[in-house]
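The structure appears right after this line, and notes come after that.
Chain A is the first sequence line, chain B the second, and so forth, proteins listed ahead of strands; every chain is numbered from 1. Hydrogens, waters and symmetry mates are skipped; everything else that's a heavy atom, side chains included, is used.
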Protein chains: 2
Amino acid sequence: MSGRLFSFVGGNTGPWRVMKNSVIVGESLSAVPKLDIVSGAGTVEKPLTGWSLRGITSNERYVMRDEKNQLVAKQQGLGRPEATMAALIPLRKSAAWWALTQDERRKLFEEQSHHNQIGMQYLPAIARKLHHCRDLSENEPFDFLTWFEFAPEHEGVFDQLLEELRASEEWQYIEREVDIRLVRADA
Amino acid sequence: MSGRLFSFVGGNTGPWRVMKNSVIVGESLSAVPKLDIVSGAGTVEKPLTGWSLRGITSNERYVMRDEKNQLVAKQQGLGRPEATMAALIPLRKSAAWWALTQDERRKLFEEQSHHNQIGMQYLPAIARKLHHCRDLSENEPFDFLTWFEFAPEHEGVFDQLLEELRASEEWQYIEREVDIRLVRADA
């Protein structure tokens with residue numbers, strides 16, 4: 001059960017250097033030069049200037065068996081040497097989204113927005129890991145922290161992936177989104 | 001967003017008196033005379049002899065719109081004056097369950113085990129509230145804390161409800177279950 005909880009700490013230290021910090025919708029996150037990723041439940045102090053966001057990996061909520069099998073066959077893990085660029089995209093969905101039933105959320109997620117299908121087109125170039133925050137406590141600032149890693153030559157297709165998702169029905173339920181682009185400090 | 005996180009504290013104080021503490025499968029919970037329910041994120045000290053279990057209410061994971069509409073029409077809230085009996089049933093599902101995809105879990109939950117359909121037959125007599133624990137941290141002792149309230153004349157049908165669920169396919173994935181029966185201390 002270890003290795004599920006992660007803190008993304010924006011501050012003055014860490015192996016990732018922030019290149020760009022863009023707010024897409026809702027409240028921004030303050031500018032920081034570096035990002036650290038800390039595993040485990042130990043207390044992570046919020047830096048004096050900066051922020052700390054927690055998320056936990058969990059079971060998937062909308063993926064069907066045939067989709068899962070395709071994903072597993074195509075996807076790559078994190079930490080590939082060539083993947084020197086990354087993006088941290090914290091997201092918060094609206095109360096209207098969370099009030100939907102499972103079939104309504106699945107329909108919006110896939111049948112209308114093609115979330116898996118779009119993502120699948122960008123495999124194996126883009127590696128991805130989803131962290132859930134909503135049920136960590138009553139008052140988390142985001143519902144999800146999505147982490148992406150890719151090689152510099154794939155930055156353009158990554159931007160295209162985001163453009164497709166942001167144009168989808170599902171994204172009408174996004175009430176806060178920040179897009180932080182990073183490069184490995186040793187790269 | 002307030003009012004989602006609850007601690008169920010088994011110890012020497014609280015408005016609910018423990019009548020019976022049965023372990024169904026897996027490790028037991030120690031015997032305590034009373035149960036308190038504390039709302040919110042404040043630190044809840046584990047009693048010297050006893051335990052404290054946390055859970056958070058969340059969106060439903062397997063309910064379809066038509067089922068939800070039926071549930072909402074039939075179910076009753078907690079705190080009814082006549083509902084002087086209660087049950088706290090902490091549950092933990094196996095790693096095999098959590099490795100299933102959404103369609104596989106839904107199929108086991110409803111199409112094979114008829115979880116909603118069984119529960120619906122016991123409405124409005126049995127009021128129910130589900131608290132999720134699995135994503136609160138990496139190491140919660142249970143995945144769910146289910147709280148039930150009913151009048152003494154419905155204890156028999158409540159036992160029947162549990163018997164039906166425990167005989168289902170879904171329950172083959174339960175690796176820890178404790179069944180704590182309570183009566184309102186002022187009743």
Per-residue contact mode, [X] against chain A (heavy atom under 4.5 angstrom):
X        : answer
B:Ala95  : neither
B:Leu136 : both
B:Glu104 : side chain
B:Arg106 : neither

Given the options A:Arg61, A:Glu60, A:His132, A:Lys68, which has more heavy-atom pairs under 4.5 Å with chain B than any of the others? A:Arg61

Between B:Trp147 and B:Phe6, is the gap from one ring center to the other below 6.0 Å? no

Go through the side-chain N and O atoms of B:Trp98 and B:Asp143 and say whether any donor and acceptor fall under 3.5 Å apart. yes

Does a donor on one side chain and an acceptor on the other come within less than 3.5 Å for B:Tyr122 and B:Glu164? yes

Can any side-chain N or O of A:Glu149 pair as donor or acceptor with the backbone N or O of A:Gly79 at less than 3.5 Å? yes

Does any part of the side chain of A:Leu91, heavy atoms only, come nearer than 4.5 Å to the side chain of A:Lys93, both counted from C-beta? no

